[in-house]
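In what follows, chains carry the letters A, B, and so on, assigned in the order in which the sequence lines appear, proteins first and then strands, with residues in each chain numbered from 1.
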2 protein chains.
Amino acid sequence: MALHSITTQRRRLADEVYDQLVQAIMDREIGPDDRLVQEKLAAELDISRTPVREALLRLEKEGVLHLANSGGFRLAKISEEETLELYQARAAIEGQAARILTARNDPEELERLRVLIRQTEDLKDPTTRDYFIANRTIHRAFMEAAGNRFLLEMFDMIWGRAMAFHLFAAIENADISKSLGNHIELVDVIATGDRGAALEAFTDHIQEGFELHLTGIRRSA
Amino acid sequence: MALHSITTQRRRLADEVYDQLVQAIMDREIGPDDRLVQEKLAAELDISRTPVREALLRLEKEGVLHLANSGGFRLAKISEEETLELYQARAAIEGQAARILTARNDPEELERLRVLIRQTEDLKDPTTRDYFIANRTIHRAFMEAAGNRFLLEMFDMIWGRAMAFHLFAAIENADISKSLGNHIELVDVIATGDRGAALEAFTDHIQEGFELHLTGIRRSA
DNA sequence: CTCGTGGATACTGTATACAGTATTCAGCCT
DNA sequence: AGGCTGAATACTGTATACAGTATCCACGAG
């Protein structure tokens, strides 16, 4: 039999709405002042309120949206304090992935990472968003290589939220190129087999990102 | 004016259903063979399907339930492999919290932790579940003290899932008392101010838990 | 008896209808 | 004019109705 099973892939309308909302937030089509109302969205998408409601509640539970006091949902704001906490969480998650990769000691896997990094860092005339995506792609590759689904899930949660918070809009003014050049070094540290060093390298890398982020905020203020 | 604002606390039926389901899972009233069907549950709770559906989908998204192929939801199973990943994730999250606490160096906070630990460890004739709850209470206190809401959120996710997986049923046979005696030492390590040591202590503590867990599994097999 | 077929059944997903509540605004009273 | 009051409005939350699809079972053909 040459036919393949049709992976019917249980796609719900709510998922579609969710994805569209996330996309719209990333594309800055939804700003902090917009009010998202179930009925309005449903009318606009020409579907019923039920799946819209489901998507909105999901985004609320994820901390991306919160109920406005006058009804409707708004983008959640993030403070400088919370930004620090987000980076601390990143360090925990990604540092652990680095430890795991170091312990595993799989040279082929590391080589694959090197190739991907070189490909991904090769941006011509990148915008802030290109930078954000490239950076996430690279970091996510480390996580996938570590092969821990819970850590990966948390990674996605953190970066998803960063996206939603328009966290990287603030880096607009910062020196982007500075931040995208040292990922190969991370692989090198992992290759040495020193777990503590690998963790430190990742922590430092993320810390640098945080400082770059802060200078971005301060410069734009 | 002596009146306080009534915090109307937007409690949805879906939240209620969610809590009841979680409780029922913890109490082993819902087992791996039970099929949770929206209509049945709604009838039983005497409410409509809508909030029931919402709660079920939430639990599905959290990885606690998954759709049975013949309709309805079932408890998700966890493999030994996944169990390891769960403990690795714990180590990442709680280890980072330990680092933060160490860096903060707040003796009063540590003293509060010591008091709580002594109170919580003082169990008379504990069941496995008592142990689970006490252990979680103590570990959660460290997380709260660290004061990072994202790490705390992930902690809750991990432990919630552990609960759902009936992860600790396997410890039934293991030596419980062995595992609940060394939390004060964790505080002591934090108090030394050595961040690396604090992280290692937590990692080791969690690793021990994992091994205890495995012996529990193997003994009951 | 076995296998295939058709229909009943059991569920989910989506739409719509209904109810309750907070917010807003216009009109009245002072 | 300013502030209180009450109705209209704008939303959400919940219930119910409808549609589609996968599963299961019984029946008939080979």
Open item on the list: I'd like to know if A:R11 pairs up with A:E16 as an ion pair, taking the criterion as any Lys NZ or Arg NE/NH1/NH2 lying under 4.0 Å from an Asp or Glu carboxylate oxygen.
Closed with: yes
TODO: Please name the pair of heavy atoms, one in A:R161 and one in B:F150, separated by the smallest distance, quoted to 0.1 Å.
DONE: NH1-CE2, 3.2 Å
- [ ] Begin from the C-alpha positions of A:E60 and A:H66 and carry the test side chain to side chain donor-acceptor pair (under 3.5 Å) through to its verdict.
- [x] CA-CA 5 Å; A:E60 188 207 11; A:H66 67 268; over 6 Å; no
Task: A:W159 to A:E94 - nearest heavy-atom pair and separation - done: NE1-OE2, 3.3 Å
Might you list the N or O atoms of the protein lying below 3.5 Å from N or O atoms in nucleotides 23-25 of chain C, with each pair's distance?
{"residue": "C:dT23", "atom": "OP1", "partner": "A:N69", "partner atom": "O", "Å": "3.0"}

Open item on the list: Can you list, in residue-number order, the parts of residues 55-65 of chain A that come under 4.0 Å of DNA chain D, counting heavy atoms only?
Closed with: none
- [ ] Take A:H183 and A:E121 through the side chain to side chain donor-acceptor pair (under 3.5 Å) test and state the conclusion after the steps.
- [x] CA-CA 9 Å; A:H183 289 120; A:E121 283 186 344; 3.1 Å; yes
Open item on the list: Without decimals, in angstroms, what is the distance between B:F73 CZ and C:dT12 C1'?
Closed with: 8 Å
Open item on the list: So, under a plain 3.5 Å distance rule, would you say the side chain of A:R11 forms a donor-acceptor pair with the base of C:dG13?
Closed with: no
Open item on the list: Using the salt bridge (Lys or Arg N to Asp or Glu O under 4.0 Å) criterion, which residues pair with A:R58? Sequence neighbours excluded.
Closed with: A:D15
- [ ] Using the test salt bridge (Lys or Arg N to Asp or Glu O under 4.0 Å), find all partners of A:D130 that sit at least two apart in sequence or belong to another chain.
- [x] none
Open item on the list: Quick check against the 3.5 Å criterion: does A:Q38 have a side-chain atom that pairs as donor or acceptor with the backbone of A:R53?
Closed with: no
TODO: Please report, rounded to the nearest Å, how far the C1' atom of C:dC11 is from the CG atom of B:L67.
DONE: 11 Å
Task: B:K40 and B:E44 ion-paired at < 4.0 Å - done: no
Task: D:dA15 phosphate, OP1 or OP2, under 4.0 Å from B:S48 side-chain N/O - done: yes
Open item on the list: Strictly by salt bridge (Lys or Arg N to Asp or Glu O under 4.0 Å), give each pair with a member in residues 66-77 of chain B just once, sequence neighbours left out.
Closed with: none
Open item on the list: Taking the minimum atom-to-atom distance to the side chain of A:R49, which one of D:dT16, C:dT16, C:dA15 wins?
Closed with: C:dT16
Task: Residues from residues 34-43 of chain A lying under 4.0 Å of DNA chain D - heavy atoms - done: A:R35, A:V37, A:Q38, A:E39, A:K40
Task: Spacing of A:L65 atom CG and A:I30 atom CD1 [to the nearest 0.5 Å] - done: 7.5 Å
Task: Spacing between B:E54 atom CD and C:dT12 atom P, to the nearest angstrom - done: 15 Å
Task: Atom-pair distance (CD on B:E16; P on D:dT14), nearest Å - done: 11 Å
TODO: Ignoring backbone atoms, test whether B:R53 places a side-chain nitrogen or oxygen under 4.0 Å from the OP1 or OP2 oxygen of C:dG13.
DONE: yes
